[in-house]
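Contents: one structure, followed by commentary.
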Protein chains: 2
Amino acid sequence: MSLRQYEYALAIAEAGSVTAAAELLHVAQPSVSQQIRGLERELGVELFARTPTGLVPTVVGRAFLREAEVAVSASRRARATARAGAVELVGELVVAVQMGFGTRQLPGALGALRRRFPRLEVTVFEEPSSAELERLCRRGVLDLALMAACERSPADAHHLGDEEFVVVLAAGHRQLAADRVGLSELEGEPWVRFDRDSALDGVLLNVLRNNDPTPTTAARVSQTATAVRWAAQGLGVTLVPASAVPHGHEYLVRPVFPAVSQPVIAVVRPGAGPAETALLELLRKETWTESASFSPA
Amino acid sequence: MSLRQYEYALAIAEAGSVTAAAELLHVAQPSVSQQIRGLERELGVELFARTPTGLVPTVVGRAFLREAEVAVSASRRARATARAGAVELVGELVVAVQMGFGTRQLPGALGALRRRFPRLEVTVFEEPSSAELERLCRRGVLDLALMAACERSPADAHHLGDEEFVVVLAAGHRQLAADRVGLSELEGEPWVRFDRDSALDGVLLNVLRNNDPTPTTAARVSQTATAVRWAAQGLGVTLVPASAVPHGHEYLVRPVFPAVSQPVIAVVRPGAGPAETALLELLRKETWTESASFSPA
DNA sequence: GTACTCGTACTGACGAAGACTCATCGGCTC
DNA sequence: GAGCCGATGAGTCTTCGTCAGTACGAGTAC
């Protein structure tokens, strides 16, 4: 059950004889003969019929060779892929972002990464739960994660900047008149919250724990974009990272007072390769200072 | 570049550490360690990142593992196919028939074969040229062939019976009144002939060489069914094996005088296996004596 | 903070199995 | 009989496997 045996069998089928196959493979004839014999003994089937002029695949032999060819070509592809990865970057980079962090910065960084390594594919998992994020990162499925905090912050945690949280108010809400919204002013408001045990809901609860320990829950959603849209429709108010506000809703958004912000920390998996390092560098170069202003219309 | 290395790498990716992988594979830990190291050295790439808690695939490693999995599973399929072929018949039987021989007998025999070996597929090449037939048979692409004669008749030639040749006349042809048609009566008739150098055309020329050495050629076709149809339309007369006459045209068909018949010889390829032998036996059991009678309406 | 234990992967030495080569034999075709 | 084919046996060499021991990091007790 060695690839060599498959290659020898395929060579015999192609060349038509053991001798010719041995020449193709640059080995002596007995070697090929022995390998095929061993393969047939191991499988308990005659793969080739012996004729005076050479070897010819039997009915089962042909069926076997079809699969063997797949195996050999897949092996070649595997080797070629790995060798290509030695000079160029090839493969799939897996990234996870929590709480919609980097909504504005990620596309730019990923675009630059793709321009530099065209054969590198990138997959982004959005909004995984904190526990799952930890697990994925530990297990090595994740190459890079953007998160707010890491209880057991490893050596490979890099502080990229801070993300300011803002409230989204319904159209016509009276607090839209102010430049900043005091958290105490929102007491009693219904809230568009996030999935239980999600990091976003944790931030919201933490922020409200002084003014409104048991906030009224209007709805729970997974995506920040959905929360903004529902809040705009008047379902309630919500609290999201500033960069997660979709275009067209800026006029419903206000910073809060006292200011709420979370660090954006990039965690690179242990044993990071050039792809992870490159993406980290590109993310660093992005601008993380909150420059967009949300003022009354 | 061994399948074992692929399996080891996949086991490490699945188990998460060399030790656990070694346990899965029922080998000692250093063995797995050495194999992976050898693989990485050979490929010149780091497939796994070493962490204190185990090994984790890198970006290139994941791309490599995807292909490696294809190779390993194809290898398993190949082995399973061959082993299945040891107890049951699995694969594709390739059959060639010349001059439409066995048009009436083949379906029955192939049906019985399929009932006995459900996983055996059969492909039939019809009407190959004599030279190509010989070549296919020699090269081992063919498992069984039905032909009229084999100049270098091998030991594996089996005489199944004889095929009588009949003429097909145009509707309303005066010779339809007779039970048999004398070849001399057809002198000067235009003929629907067959492809140059085909066995069917050879039979026709051989039959006519005394009465009409240079027959008028109305048309040349490849298929006997086409020849019958065209003859029925009045394009000319033709000479085909009796079993090749399609249903509905029997009333235009007459035996010739003196009788023309060709032996039907089944040639089994050297090193024939159970599939070939079984089909040969089934063909023997079919009735090859010409029982259909073509009489004036 | 230090020391200890535990788990991890790596290294080297040695034995066993397998692959390769050479020379030779038997069968068949021409 | 010459020439080609595959099969076989003996000898050499590479490779894979195991066992021992080493090195490194994480977690824990003090």
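Computation of the quantities below employed the complete heavy-atom set of this structure, encompassing side-chain atoms and omitting hydrogens, waters and symmetry-equivalent molecules. This one's a predicted model, so the numbers in the text were calculated from it and none came from an experiment.
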Give a yes or no on whether a salt bridge exists between [X] and [Y], defined as a side-chain N under 4.0 angstrom from a carboxylate O.
| X | Y | value |
| --- | --- | --- |
| A:Glu69 | B:Arg77 | no |
| A:Glu67 | B:Arg79 | no |
| B:Glu281 | B:Arg284 | yes |

Show me the protein contacts with nucleotides 12-14 of chain D, counting only N or O atoms at under 3.5 Å.
none

Point to revise | Residues forming a salt bridge (Lys or Arg N to Asp or Glu O under 4.0 Å) with B:Glu121, sequence neighbours excluded | key: none
Exercise for review: Establish, from distance only, whether the side-chain atoms of A:Ser17 and A:Thr19 form a donor-acceptor pair under 3.5 Å.
Suggested key: no
Would a distance-only check, ignoring hydrogens and angles, find a side-chain to backbone donor-acceptor pair under 3.5 Å from [X] to [Y]?
| X | Y | result |
| --- | --- | --- |
| A:Arg114 | A:Leu120 | yes |
| B:Asp143 | B:Val94 | yes |
| A:Ser73 | A:Val70 | yes |

Exercise for review: Residues of residues 3-10 of chain A with any non-hydrogen atom less than 4.0 angstrom from an atom of DNA chain D: list those, numerically ordered, please.
Suggested key: none
**Study point:** Between D:dC16 (C1') and B:Leu39 (CG): distance, integer Å
**Key:** 15 Å
**Study point:** Between P of C:dA17 and CD of A:Glu42, the distance in whole Å
**Key:** 16 Å
Exercise for review: Hey, could you give me the CD/CD1 distance between B:Glu7 and B:Ile12, rounded to the nearest 0.5 Å?
Suggested key: 12.5 Å
Revision key, fill the gap. When the rotation axes relating C1' atoms of four end pairs to the next four are compared across the helix from C:dG1-D:dC30 to C:dC30-D:dG1, five pairs an end, they differ to 10° by 30°
Check your understanding: Is there any ring-ring contact (aromatic ring centres under 6.0 Å, His included) pair reaching into residues 11-61 of chain B, and which pairs are they, with sequence neighbours excluded?
Key -> none
Revision key, fill the gap. B/S/- along nucleotides 6-11 of chain C (protein heavy atoms under 4.0 Å) is --SSBB
Study note, to complete from the structure: Tightest non-hydrogen contact, residues A:Leu282 and A:Ala112, listed as CD2-CB, 3.8 Å
**Study point:** Within 6.0 Å of CD in A:Glu23, more than 12 heavy atoms from elsewhere
**Key:** no
Check your understanding: Should the heavy atoms of other residues, nucleotides or ligands under 6.0 Å from CD of B:Glu286 be counted, would the total exceed 12?
Key -> yes
